[in-house]
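Working notes, structure below.
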Amino acid sequence: MLSEIPLIPPATPLLDAIDQGASVRTLTMAQLKQLTRELRSYLLYSVGQSGGHFGAGLGVVELTVALHHIYNTPHDRIVWDVGHQTYPHKILTGRMRQMHSMRQGGGLAGFPKRSESPYDTFGVGHSSTSISAAMGMALAASHQDVDRKVIAVIGDGAITGGMAFEALAHAGHARPNMLVILNDNQMSIGHNRGGLANYFAKIWASKTYIAMREGSKRVLEKIRPAWELAKRTEEHMKGMVAPGTMFEELGFHYIGPLDGHDLPGLVQTLENMKELDGPQFLHIRTMKGKGFAPAEADPVGYHAINKIEAKPKGPLLAAATETQQATPRPTSAKPLKYQDVFGRWLCDMAERDRRLVGITPAMCEGSGMVAFSERFRDRYYDVAIAEQHAITLAAGMACDGLKPVVAIYSTFLQRGYDQLIHDVALQNLDVTFAIDRAGLVGQDGPTHHGAFDLSYLRCIPNMVIAAPSDENECRQLLFSAYQHRGPAAVRYPRGTGPGAIIAHEMTEMEIGKAVEVRTGRDIAFLNFGTLLPTVRAVAEQLNATVIDMRWVKPLDEELVLRLAEINSLLVTVEENAVAGGAGSAVAEFLSGRGVYCDILHLGLPDQFIEHASAQEQHAQTRLDEDGILNAVRRRTTAKALHHAASIPVELELKA
């Protein structure tokens with residue numbers, strides 16, 4: 001339980017020394033074991049203080065200690081995949097006292113970040129990139145004649161990504177001096193368990209076996225039949241106890257699977273493999289959440305946790321309870337997470353239409369598909385971390401009469417952009433995209449913001465794009481997009497909505513039709529998405545018109561034209577990059593019609609927004625109430641000053 005996470009810092013004498021500049025490389029094995037205990041305890045404490053990714057870090061404590069003990073970091077490069085598991089790495093590399101600031105504004109990033117530390121050799125957030133990046137570093141070292149070791153650490157989930165296999169195939173051909181470590185935490189890949197596998201893995205990593213293998217190779221290569229027989233015998237022996245044949249065929253020297261929590265075994269194996277030439281592959285088995293029983297039992301639920309707040313005691317607790325009981329319950333519906341709105345709609349739609357199939361690239365829980373996966377198992381497809389495959393799979397299904405719904409995060413849809421254009425849109429196939437995490441995502445930061453989807457979707461022919469403003473509209477627009485016979489996307493943010501009452505009945509909304517939610521004068525807000533409550537609050541102060549646009553493509557052209565004629569200022573608001581976004585669509589349309597009016601575009605600026613709370617990010621990008629109000633007032637003031645300055649000139653011309 002979360003109550004087992006310590007709220008006071010544990011005693012960590014070795015960690016304290018490391019944080020003050022002592023080297024992990026000089027420690028004895030007894031000290032290394034103590035260091036792993038301290039590291040695991042401090043990780044539990046620090047994540048409890050800040051919240052963040054949890055289980056993966058606990059699983060790689062021994063591996064992290066072993067890597068920094070054996071290798072001369074940061075001169076030697078460790079490239080972590082995804083980055084969820086790098087909290088122990090950050091603690092060991094001079095950032096221990098900053099861990100409380102993890103994922104907070106101005107604090108440490110939740111992922112490796114090159115500008116944060118020289119030990120963070122490659123910035124990540126998306127998966128399956130480590131082998132390519134590490135190979136690039138290994139080849140750079142070779143070209144520059146630098147004696148440097150390069151290690152890529154990739155999880156069993158990330159290695160399912162096609163990019164990882166592309167890199168493996170290239171490395172087997174180019175043969176750089178690099179080590180790939182597969183951290184198999186029992187979440188994706190099947191394993192051969194038992195003592196025999198561990199026993200043979202230790203033999204294959206031993207200096208004696210490696211010397212015999214290389215010596216025999218030199219002798220037997222001159223006698224080709226004998227060499228081929230020996231090679232096949234070795235492969236068959238490995239194939240009986242380890243899943244490494246595929247990696248050997250790709251050109252890697254495979255060792256494993258090893259127990260990733262056996263620190264002496266890891267240290268010895270890494271020491272032996274350190275001086276080997278060519279591409280090496282070490283397969284270790286770990287337990288996600290190792291050392292914290294609740295996380296071991298529920299690795300998915302404890303993938304990340306929120307900050308743990310200390311509960312008040314005594315009279316304070318009693319007072320808080322009385323206040324809570326005295327507060328009347330809200331009359332509006334309880335706010336739902338948008339992913340749950342989607343999950344409920346998906347199940348309801350699947351009951352109505354047997355052609356519906358659901359596809360996700362390894363985001364079942366995050367996308368709200370758990371209930372669907374249980375109720376409609378034969379119509380649920382988790383393709384692992386393979387966004388490109390997910391989209392083309394959907395295209396193939398749509399070719400032969402199914403109606404696929406692809407649930408995907410905005411930032412991950414970027415990885416399947418070519419497939420979206422060529423395989424879906426070009427053929428005008430009936431695929432619905434439920435785009436989660438659109439807009440700013442808060443503490444996960446710039447690698448996970450959905451800042452560009454409106455811009456990169458809007459330019460694709462045949463695409464229909466919806467941006468709901470609340471939970472009920474999300475449900476209805478999902479239904480409407482699904483009814484459209486062609487590619488359609490509905491984008492919605494992370495987190496909860498404003499608490500709109502969700503109608504069970506699904507009503508098809510006319511594509512390309514907006515709705516006026518407030519009538520005012522002189523100024524009209526064209527709102528795209530879930531910033532509508534903020535926009536309405538601003539409009540109340542300015543007596544402005546507010547339009548819930550609903551559709552980014554196609555636009556409600558008739559309404560936009562009318563608003564341009566009767567208002568002195570149009571203000572477009574979106575939680576997407578201003579460049580090429582929904583506001584650009586309005587300006588392009590009016591310009592194409594020869595209508596020129598004053599338009600103020602509000603959205604995300606041309607920069608990457610760093611990690612912070614969602615509230616802080618909205619303030620930073622001026623998409624909060626104060627920011628929008630001040631932007632409009634500045635524009636109207638500037639217009640008034642310009643108009644006043646031009647009056648004498650106009651009078652002089654008339655005279």
Side-chain angles (χ1 to χ4, degrees), residues 47 49-54 83-84 100-111 113 125 303-309 332 334-342 363 365-368 409-413 434-455 467-471 473-474 490-500 527-538 573-578 581-582 602-631:
V47 177
Q49 295 296 299
S50 65
H53 294 103
F54 186 67
H84 295 150
H100 68 279
S101 70
M102 182 71 68
R103 303 167 76 237
Q104 299 173 24
L108 296 180
F111 303 92
K113 187 176 181 181
H303 173 68
I305 62 171
N306 294 322
K307 178 179 178 180
I308 299 172
E309 305 288 353
S332 61
K334 179 182 178 182
L336 274 181
K337 290 182 178 180
Y338 280 97
Q339 67 194 52
D340 295 332
V341 174
F342 165 72
M363 290 291 127
E365 292 82 12
S367 292
Y409 290 8
S410 171
T411 186
F412 299 150
L413 181 57
I435 304 176
D436 200 346
R437 269 63 168 182
L440 299 170
V441 297
Q443 294 171 326
D444 282 344
T447 58
H448 283 60
H449 291 320
F452 311 110
D453 54 78
L454 293 185
S455 302
S469 61
D470 62 32
E471 303 95 321
E473 201 165 89
C474 183
V490 181
R491 57 110 65 174
Y492 45 89
R494 180 183 188 179
T496 60
N527 176 80
F528 297 87
T530 54
L531 290 172
L532 183 60
T534 303
V535 170
R536 289 188 70 166
V538 174
V573 185
E574 60 191 301
E575 200 167 327
N576 183 84
V578 169
L602 301 180
L604 301 181
D606 188 21
Q607 66 187 68
F608 292 106
I609 309 302
E610 293 298 332
H611 58 278
S613 69
Q615 184 178 5
E616 290 171 323
Q617 287 172 343
H618 282 131
Q620 178 187 346
T621 55
R622 299 177 181 175
L623 290 176
D624 60 350
E625 188 175 330
D626 287 342
I628 295 174
L629 181 62
N630 290 334

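Just so you know, residue 1 is the first one in the sequence shown, and it goes up from there.
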Legend entry - Nearest atoms (heavy-atom pairs only) where Ser367 meets Phe342: O-CD2, 3.2 Å
Inset, instruction - Quick one: pull up CZ in Arg103 and CZ in Phe111 and give me the separation to the nearest 0.5 Å. - result: 7.0 Å
Inset, instruction - Identify the heavy atoms of Gln620 and Ile609 that sit nearest to each other, and give their distance. - result: OE1-CG2, 3.8 Å
Legend entry - Atom of Leu454, atom of Ala582 and distance for their closest heavy-atom approach: CD1-CB, 4.3 Å
Legend entry - Step-by-step side-chain contact (heavy atoms from CB on, under 4.5 Å) determination, Leu413 to Asp453: CA-CA 8 Å; Leu413 181 57; Asp453 54 78; 5.5 Å; no
Inset, instruction - Could you pull out the closest heavy-atom pair between Ser455 and Ala577, with the gap in Å? - result: OG-O, 3.8 Å
Inset, instruction - Starting at CD of Glu471, measure out to OG1 of Thr530 and round the result to the nearest 0.5 Å. - result: 10.0 Å
Legend entry - Neighbour count above 12 (heavy atom, 6.0 Å) for Gln607 CD: yes
Inset, instruction - State, without any angle test, whether Gln339 and Arg437 hold a side-chain donor-acceptor pair at a distance under 3.5 Å. - result: yes
Inset, instruction - Measure from the side-chain N and O atoms of Gln617 to the backbone N and O of Gly442, and report whether any donor-acceptor pair falls under 3.5 Å. - result: yes
Legend entry - Side-chain (Thr411) to main-chain (Thr447) donor-acceptor, under 3.5 angstrom: yes
Inset, instruction - May I ask you to decide if Pro498's main-chain N or O and Asp470's side chain share a donor-acceptor pair within less than 3.5 Å? - result: no
Legend entry - N/O donor-acceptor pair under 3.5 Å between Gln443 side chain and Gly105 backbone: no
Inset, instruction - List the steps, then state whether side-chain hydrogen bond (donor to acceptor under 3.5 Å, both in side chains) holds for Ser101 with Gln104. - result: CA-CA 5 Å; Ser101 70; Gln104 299 173 24; over 6 Å; no
Inset, instruction - For the pair Glu473 (side chain) and Ser469 (backbone), establish whether a donor and an acceptor sit closer than 3.5 Å, ignoring hydrogens and angles. - result: yes
Legend entry - salt_bridge(Glu575, Arg491) N-O dist < 4.0 Å: no
Legend entry - Step-by-step salt bridge (Lys or Arg N to Asp or Glu O under 4.0 Å) determination, Asp436 to Arg494: CA-CA 7 Å; Asp436 200 346; Arg494 180 183 188 179; over 6 Å; no
Inset, instruction - Run the ring-centre check on His449 versus Phe608 and record whether the distance is less than 6.0 Å. - result: no
Inset, instruction - State whether the side chain of Asn630 and the backbone N or O of Asp626 hold a donor-acceptor pair below 3.5 Å, judged by distance alone. - result: yes
Legend entry - Within-4.5 Å side-chain heavy-atom neighbours: Leu604 and Leu623: yes
Inset, instruction - For the pair Val441 and Asp444, evaluate side-chain contact (heavy atoms from CB on, under 4.5 Å) and give the outcome as yes or no after the intermediate values. - result: CA-CA 6 Å; Val441 297; Asp444 282 344; 4.1 Å; yes
Inset, instruction - Measure from the side-chain N and O atoms of Asn527 to the backbone N and O of Gly529, and report whether any donor-acceptor pair falls under 3.5 Å. - result: yes
Legend entry - Gly581 versus Asn576, closest heavy-atom pair with distance: CA-ND2, 3.7 Å
Inset, instruction - If the plane angle is over 60° it's perpendicular, under 30° parallel, otherwise tilted; pick one for His448 and Phe412. - result: perpendicular
Inset, instruction - Before giving the answer on side-chain contact (heavy atoms from CB on, under 4.5 Å), spell out for Leu602 and Ile628 the whole-Å C-alpha distance, their side-chain angles and the decisive distance to 0.1 Å. - result: CA-CA 8 Å; Leu602 301 180; Ile628 295 174; 3.8 Å; yes
Legend entry - For the student: nearest non-hydrogen atoms of Tyr409 and Gly366, plus distance: OH-CA, 3.2 Å
Legend entry - Test item: Thr496 and Leu336 side chains (from C-beta on) under 4.5 Å apart, heavy atoms: no
Inset, instruction - Could you tell me which residues satisfy side-chain hydrogen bond (donor to acceptor under 3.5 Å, both in side chains) with Glu574, sequence neighbours excluded, listed by chain and number? - result: none
Legend entry - Any side-chain heavy-atom pair of Asp340 and Tyr338 under 4.5 Å: no
